[in-house]
Amino acid sequence: MKTVFITGVTAGFGEAAARRFLKEGWRVIGSGRRQDRLDALSAELGDNFFALCFDVRDKAQVFETIRNLPEHWQTIDTLVNNAGLALGLGAFNDADLTDWETMIDTNIKGLLYVSKAIVSQFIKQGHGHFINLGSTAGTYPYPGANVYGSSKAFVNIVDATIT
Ligand SMILES: NC(=O)c1ccc[n+]([C@@H]2O[C@H](COP(=O)([O-])OP(=O)(O)OC[C@H]3O[C@@H](n4cnc5c(N)ncnc54)[C@H](OP(=O)(O)O)[C@@H]3O)[C@@H](O)[C@H]2O)c1
């Protein structure tokens, strides 16, 4: 049975992807920051779902959590870098610096931390796939998508260069 690791399963695309992978017969490691949502998903989705509560922006927590996965869950076949967000999509000069920092820390740095924590295992086992959630905003900029679009353009480039 194959295993997929999906960041951001407590809502949206990540939750939908977790449900779909389980339906297709995969085991799913799903992460997010909201323990109550993870507990509810664990209760509902059963033994082929394993929940991990961590913040992708916290470098030490990312590496420590993934390093300490139970032995039974240590073989990962596919990583879905889904956790991400768009904040404050107003004009550049009106932007809140905290919104920019949160998007950069989550969409860019968080994706890098999780990928780096898992890629060595992919290399060791001789296989592994990355699925990185980009956005049309990363290819076709629109007013207000300044830092969000840039963070997703980053995903396009990193996606093309992860080997
Ligand atoms: N929705 C769209 O129209 C759209 C379009 C193009 C691309 N995307 C991309 O698709 C991805 C998912 O979007 P969505 O609309 O499904 O978002 P969403 O419904 O807001 O869900 C985001 C998920 O990411 C997790 N997350 C956010 N920040 C996190 C952090 N710091 N650490 C750990 N987990 C974090 C959230 O979990 P917690 O809150 O529990 O931490 C949640 O599970 C994002 O990368 C987004 O940029 C979305």
Side-chain angles (χ1 to χ4, degrees), residues 3-24 26-46 48-69 73 76 78-90 92 95-119 129-162:
T3 302
V4 60
F5 189 126
I6 307 172
T7 62
V9 293
T10 56
F13 293 167
E15 180 178 348
R19 292 180 187 283
R20 181 57 188 262
F21 271 102
L22 286 164
K23 196 172 160 203
E24 298 292 333
W26 288 58
R27 300 192 315 161
V28 174
I29 301 169
S31 77
R33 290 165 300 176
R34 283 172 287 170
Q35 187 68 62
D36 58 332
R37 285 289 305 137
L38 292 169
D39 289 344
L41 287 167
S42 293
E44 181 196 341
L45 299 176
N48 285 333
F49 177 78
F50 184 73
L52 282 180
C53 191
F54 68 90
D55 188 328
V56 298
R57 295 171 298 177
D58 184 333
K59 181 168 49 176
Q61 201 185 23
V62 168
F63 282 91
E64 166 132 3
T65 305
I66 292 172
R67 192 171 44 244
N68 290 323
L69 273 167
W73 287 95
I76 296 160
T78 295
L79 168 62
V80 181
N81 277 312
N82 164 77
L85 71 180
L87 296 172
L89 302 176
F92 190 89
D96 181 335
L97 282 177
T98 306
D99 286 344
W100 283 356
E101 288 165 351
T102 301
M103 288 187 280
I104 290 167
D105 289 347
T106 309
N107 301 356
I108 296 180
K109 292 165 73 177
L111 179 146
L112 290 175
Y113 298 155
V114 177
S115 302
K116 190 73 165 71
I118 289 177
V119 72
H129 284 100
F130 289 92
I131 299 173
N132 297 318
L133 271 282
S135 170
T136 51
T139 309
Y140 305 104
Y142 53 86
N146 39 66
V147 168
Y148 177 68
S150 303
S151 74
K152 291 303 182 176
F154 176 92
V155 173
N156 287 342
I157 298 299
V158 94
D159 192 64
T161 56
I162 293 179

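Remember, it's 1-based here, ligands and their atoms both numbered in the order they're listed. Please read all numbers here as calculations on a predicted model, not as lab measurements. Scope of the values below: all heavy atoms of this structure, side chains included, with no hydrogens, waters or symmetry mates.
- Between Asn132 and Ile162, some side-chain heavy-atom pair lies under the 4.5 Å cut-off.
- For a threshold of 3.5 Å applied to N or O pairs, the pair formed by Ser135 and ligand 1 contains no separation below that value.
- Among all protein heavy atoms, the one lying closest to atom 47 (O) of ligand 1 is Tyr148 OH, 2.7 Å.
- Among all non-hydrogen protein atoms, the one lying nearest atom 18 (P) of ligand 1 is Ala11 CB, 4.3 Å.
- Of all heavy-atom pairs between Glu15 and Thr10, the closest is OE1-O, 3.8 Å.
- Each of Leu111, Val119, Leu112 was scored for a side-chain contact (heavy atoms from CB on, under 4.5 Å) with Ser115, with one residue passing: Leu111.
- Proximity of Thr106 to ligand 1, defined as any heavy-atom pair under 4.0 Å, is confined to the side chain (atoms from C-beta onward).
- Closest to atom 12 (C) of ligand 1 among all protein heavy atoms lies Asn82 OD1, 3.1 Å.
- With hydrogens left out, the protein atom closest to atom 16 (O) of ligand 1 is Phe13 N, 2.8 Å, a heavy atom.
- Close to ligand 1: Arg57, with a non-hydrogen atom less than 4.0 angstrom away.
- None of Leu133, Thr7, Val9 except one satisfies the side-chain contact (heavy atoms from CB on, under 4.5 Å) rule with Val80; the exception is Leu133.
- Ion pairing of Arg19 with Glu44 is present here, as a side-chain N (NZ or NE/NH1/NH2) and a carboxylate O approach within less than 4.0 Å.
- Under the 30°/60° scheme for interplanar angles, the aromatic rings of Phe21 and Trp26 are found to stand perpendicular.
- The protein heavy-atom contact nearest to atom 25 (C) of ligand 1 is Gly8 CA, 3.6 Å.
- Counting heavy atoms closer than 4.0 Å to ligand 1, residue Glu15 contributes nothing at all.
- Here Phe54 has backbone heavy atoms under 4.0 Å from ligand 1, and that is the only part of it that gets that close.
- Contact of the Arg34 side chain with the Leu38 side chain is not registered, since no non-hydrogen atoms from C-beta on lie closer than 4.5 Å.
- The nearest heavy-atom contact from the protein to atom 37 (O) of ligand 1 is Thr10 OG1, 2.8 Å.
- Ligand-side atoms of ligand 1 in range of Gly12: 16 (O), 19 (O), range being under 4.0 angstrom from any heavy atom.
- By the definition of a contact as any protein heavy atom under 4.0 Å away, atom 20 (O) of ligand 1 is not in contact.
- Taking the side chain as every heavy atom from C-beta outward, Asp99 and Val147 never approach each other to under 4.5 Å.
- The shortest separation from a heavy atom of Val9 to ligand 1 is under 4.0 Å, placing the residue in contact.
- Contact annotation: the side chain of Leu69 approaches that of Ile76 to within less than 4.5 Å [non-hydrogen atoms, C-beta and beyond].
- Two residues are said to be in side-chain contact when any heavy atoms from C-beta on lie closer than 4.5 Å; Tyr113 and Arg57 fail this criterion.
- Among protein heavy atoms, the minimum distance from atom 34 (N) of ligand 1 is reached at Ala83 CB, 3.7 Å.
- Distance remark: protein heavy atom present below 4.0 angstrom from atom 45 (O) of ligand 1.
- By the 3.5 Å distance cut-off applied to N or O atoms, Leu133 is not counted among the residues near ligand 1.
- Shortest contact from atom 7 (C) of ligand 1 to any protein heavy atom: Gly134 O, 3.1 Å.
- At a heavy-atom cutoff of 4.0 Å, ligand 1 is contacted by no atom of Asp105, backbone or side chain.
- Looking at Ile66 and Ile118, their side chains come closer than 4.5 Å, going by heavy atoms from C-beta outward.
- Between Trp100 and Asn146 the shortest side-chain heavy-atom distance falls below 4.5 Å.
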